[in-house]
Amino acid sequence: MLSLRSAPSAVLSVAFPLLFLSGCNDSAAARSAEETYQQFCMSCHGENLRGGIAPTMLDDEWAHGGTDEAITQQIIAGNPTAGMPAFGETLSDAEVRSLVVYIREQRARHAAHPPPAPTAGDDQIVVTADHRFRVETVTDAVDQPWGINWLPDGTLLITEKTGGLRLWKDGILTDPIKGTPKVDALSQAGLFDAVAHPEHAKNGWIYLSFADLQTKLNGSRLSLTKIVRGRIADHTWTDEQTIYEGPIEHYRKAGGYHFGSRIVFDDAGYLFFSIGDRGAQQQAQDLTLPNGKVHRVFDDGRIPSDNPFVDQPGAVPSIWSYGHRNPQGLAFHPDDGALWAAEHGPRGGDELNVVYPSLNYGWPVITYGMNYNGTPITSETARDGMEQPILHWTPSIAVCGIDFYDADRFPAWKGNLLVTALAQRHLRRVVITDGVVTDQEIILQDAGRNRDVSTGPDGLIYLALNGPDKIVRLVPID
Ligand code: HEC
């Protein structure tokens with residue numbers, strides 16, 4: 001066969017990539033959603049979906065309903081008699097999904113989202129549907145605050161991504177505690193959460209999660225989320241014990257992405273923590289690896305014998321649930337004790353999940369998002385044996401820390417879930433009725449990248465903001 005060609009090596013080197021491209025329509029080699037739109041849709045639907053010889057997709061006038069399913073169906077099957085061509089032959093299902101995400105993004109950008117709240121000046125009054133409040137600066141002498149949680153005596157624990165652990169009480173902020181673990185602080189890595197033991201008043205334990213930096217494998221810089229506990233004495237971190245540490249084979253290149261790392265205790269005293277996929281998407285499905293998982297251990301790090309995968313050979317025994325991308329928010333529902341997780345998605349597909357043991361939350365096999373560069377991940381948003389999110393935000397808001405509001409200073413918000421957003425720089429409240437999201441409201445816009453939220457013992461809502469870096473609190477005005 002090769003003898004028919006004069007330059008067989010050139011034939012081979014051309015034939016291979018062609019074969020690869022045509023057989024790979026559903027994944028990485030595909031166009032970005034922007035390019036697909038420009039190439040196939042813009043001539044009729046106009047720049048940025050604003051309309052032309054075909055209708056705009058920016059208003060709420062949908063001929064076919066405007067749900068994800070209806071839009072998908074219109075793109076695939078078209079409506080040829082009305083002038084909408086069918087693209088089912090031209091575009092892969094995954095490309096069609098990425099167009100749906102793109103349409104959602106353009107619509108959100110277009111919707112002049114009226115700032116429900118003015119930006120957060122100290123003397124400005126923010127008006128929301130149920131409450132009016134003032135935003136007070138607690139401190140701005142912090143460097144990229146990441147986690148905020150309370151000690152039983154009313155002291156606020158503040159972690160800084162760069163490695164500092166500080167205490168704040170009655171208006172006084174301490175210097176960083178001496179001797180806390182050295183952290184990998186490159187890219188998304190850093191010191192993450194700091195949480196008191198439920199019986200901290202008796203035992204003094206504080207738990208930290210951080211990107212642990214190791215060089216012991218060939219000298220290359222590797223890191224992975226690690227959990228330790230220790231006590232603070234004389235402003236110094238002491239008595240440190242390791243609660244969770246992966247073997248060095250599970251570490252990945254230092255810096256990089258998706259450390260997860262939120263820590264929460266349930267009422268029975270079990271400790272739950274998250275590890276993001278570390279940028280290795282497929283590993284979220286691999287039970288022999290800790291990344292892309294929510295974990296459960298005893299307060300001293302021992303593995304509960306009823307963890308779902310303890311008897312599965314090779315599985316990491318602390319795993320509680322899997323198929324997670326980057327869960328950076330964890331909180332227990334105050335009424336039924338269910339574990340809620342906010343998961344930072346790709347471009348589109350930020351998720352809110354209720355986490356149950358042994359279940360697979362689907363990443364990256366199913367997702368409502370696409371890659372950051374607009375290329376598709378998959379067309380699949382659901383599959384048997386994989387959990388659906390309670391809610392997904394498409395376009396992404398970049399979810400981070402969450403907290404159920406369970407105090408009395410904002411009575412209309414009792415039981416609501418407070419959700420922070422980084423990219424969209426807001427705090428939103430999510431109303432949940434019988435496990436279903438029934439309403440959402442942005443209650444603070446543009447105060448900064450909202451990194452974490454925590455209700456204080458005073459019933460006020462405390463927020464960790466990045467850019468500007470500060471801790472603020474919402475104070476109701478009656
Ligand atoms: C040749 C012109 C043309 C092109 C190219 C075109 N469309 Fe359309 N499209 C139309 C027309 C005309 C309609 C209105 C049809 C109708 O009323 O049902 C339409 C309707 C739609 C609808 C349904 C809107 C609704 O109100 O329910 C969607 C979604 C849509 N187009 C998406 C796309 C996407 C995505 C592309 C590119 C992949 C595309 N179209 C390319 C002409 C076009």
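Throughout, numbering of the chain's residues begins at 1 and tracks the sequence. Both backbone and side-chain heavy atoms feed into the values below; hydrogens, waters and symmetry mates do not.
Nearest heavy-atom pair, Ala407 versus Thr455, reported as atom, atom and distance to 0.1 Å: CB-CG2, 3.9 Å. Across all their heavy atoms, Ala398 and Asp350 have their closest contact at N-OD2, 2.6 Å. Closest non-hydrogen pair, Leu49 versus Thr56, comes out as O-OG1, 2.8 Å. Closest approach of Ala108 to Pro395, counting heavy atoms only: CB-CG, 3.5 Å. Between Ile275 and His295, the shortest heavy-atom distance links the atoms CD1-NE2, 3.8 Å. Heavy-atom minimum distance, Arg107 versus Asp60: NH2-OD1, 2.7 Å.
Here Asp408 pairs with Lys414 in a salt bridge; the nearest charged N to carboxylate O distance falls below 4.0 Å. For Arg296 and Asp306, the salt-bridge test passes: some basic side-chain N is under 4.0 Å from an acidic carboxylate O.
Ring geometry for Trp340 against Phe404 counts as perpendicular: the plane angle is over 60°, on a 0 to 90° scale with 30° as the lower cut. Using cut-offs of 30° and 60° for the angle between ring planes, the His392 and Tyr368 rings count as parallel.
Shown here are the ring pair (Phe, Tyr, Trp, His ring centres under 6.0 Å) partners of Trp146, two or more places apart in sequence or in another chain: Phe192. Judged as a ring pair (Phe, Tyr, Trp, His ring centres under 6.0 Å), and not counting sequence neighbours, the contacts of Tyr405 are Phe410. The ring pair (Phe, Tyr, Trp, His ring centres under 6.0 Å) test applied to Tyr356 returns no partner, not counting sequence neighbours.
Checking side-chain atoms of Asn307 against main-chain N and O of Pro317 turns up a donor-acceptor pair under 3.5 Å. Side chain of Asp184 to backbone of Leu186: a donor-acceptor contact under 3.5 angstrom is found. The backbone N or O of Gly256 lies less than 3.5 Å from a partner atom in the side chain of Ser187, making a donor-acceptor pair. A distance-only check finds no donor-acceptor pair linking the side chain of Lys226 to the backbone of Tyr244 [under 3.5 Å]. Ser274 contributes a side-chain N or O that, together with a main-chain N or O of Ser261, makes up a donor-acceptor pair within less than 3.5 Å. Under a 3.5 Å cut-off, the side chain of Glu343 and the backbone N or O of Glu351 do not form any donor-acceptor pair. When atom types are taken as modelled, the side chain of Asn371 and the backbone of Asn373 share no donor-acceptor pair closer than 3.5 angstrom. Under the 3.5 Å distance criterion, the side-chain polar atoms of Thr225 are matched with a main-chain donor or acceptor of Phe259.
Within the 4.5 Å cutoff, side-chain heavy atoms of Trp320 are placed close to those of Pro308. Under the 4.5 Å side-chain criterion, counting only non-hydrogen atoms from C-beta, Arg325 is in contact with Pro346. Here the side chains of Val135 and Leu474 are in contact, with some heavy-atom distance below 4.5 Å. Contact check for Leu352 versus Trp393: side-chain heavy atoms found under the 4.5 Å cut-off. Looking at Pro145 and Asp469, their side chains come closer than 4.5 Å, going by heavy atoms from C-beta outward. His344 is not listed as a side-chain neighbour of Ser396, based on a closest heavy-atom distance of 4.5 Å or more. Ile461 has its side chain within reach of Trp413: a pair of non-hydrogen atoms, C-beta onward, lies under 4.5 Å apart. You'll find the side chain of Val399 stays beyond 4.5 Å of the side chain of Gln328, heavy atoms only.
Summarising the geometry, atom OG belonging to Ser209 is positioned 7.0 Å from atom CG belonging to Leu191; distances are rounded to the nearest 0.5 Å. Separation of atoms OG1 (Thr128) and CD (Glu441) is listed at 4.5 Å; rounding is to 0.5 Å. Here the CG atom belonging to Asp452 is positioned 10.0 Å from the CG atom belonging to Leu422, to the nearest 0.5 angstrom. To the nearest 0.5 angstrom, Thr159 atom OG1 is 9.0 Å from Ile148 atom CD1. Atom CG of Asp403 is separated from atom CG of Leu417 by 8.0 Å, given to the nearest 0.5 angstrom. Taken to the nearest 0.5 Å, the CG atom of Asp193 stands 13.0 Å off from the CZ atom of Phe210.
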Inset, instruction - For Thr420 and Leu427, run side chain to side chain contact (heavy atoms under 4.5 Å, CB included): C-alpha distance rounded to whole Å, both residues' side-chain angles, the deciding distance at 0.1 Å, then the answer. - result: CA-CA 5 Å; Thr420 59; Leu427 178 68; 4.1 Å; yes

Inset, instruction - Take Arg347 and Glu105 through the side chain to side chain contact (heavy atoms under 4.5 Å, CB included) test and state the conclusion after the steps. - result: CA-CA 9 Å; Arg347 191 168 146 192; Glu105 285 181 349; 2.7 Å; yes

Inset, instruction - Go through the steps to decide whether Gln440 and Val419 satisfy the test side chain to side chain contact (heavy atoms under 4.5 Å, CB included), and finish with yes or no. - result: CA-CA 10 Å; Gln440 297 189 58; Val419 175; over 6 Å; no

Inset, instruction - Walk me through it: do Met57 and Gln106 pass the test side chain to side chain contact (heavy atoms under 4.5 Å, CB included)? - result: CA-CA 9 Å; Met57 286 185 263; Gln106 296 301 314; over 6 Å; no

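Heavy-atom neighbours of Phe265 CZ from other residues, nucleotides or ligands within 6.0 Å: above the threshold of 12. Surrounding CG of Asp336 are more than 12 heavy atoms belonging to other residues, nucleotides or ligands, all under 6.0 Å away.
Pairs of residues two or more places apart, or lying in two chains, that qualify as salt bridge (charged side-chain N to carboxylate O under 4.0 Å, His left out) and include a residue from residues 62-83 are Asp68-Arg97, Asp68-Arg104. Pairs engaging residues 38-74 under the ring pair (Phe, Tyr, Trp, His ring centres under 6.0 Å) rule: none recorded [sequence neighbours left out]. Counting only residues at least two apart or on different chains, the side chain to side chain donor-acceptor pair (under 3.5 Å) pairs with a member in residues 277-293 are Ser223-Arg278, His258-Asp277, Asp277-Trp363, Gln283-Asn291, Gln285-Asn360, Asp286-Thr288.
Side-chain contact annotation: Arg473 with Tyr462, donor-acceptor N/O pair under 3.5 Å present.
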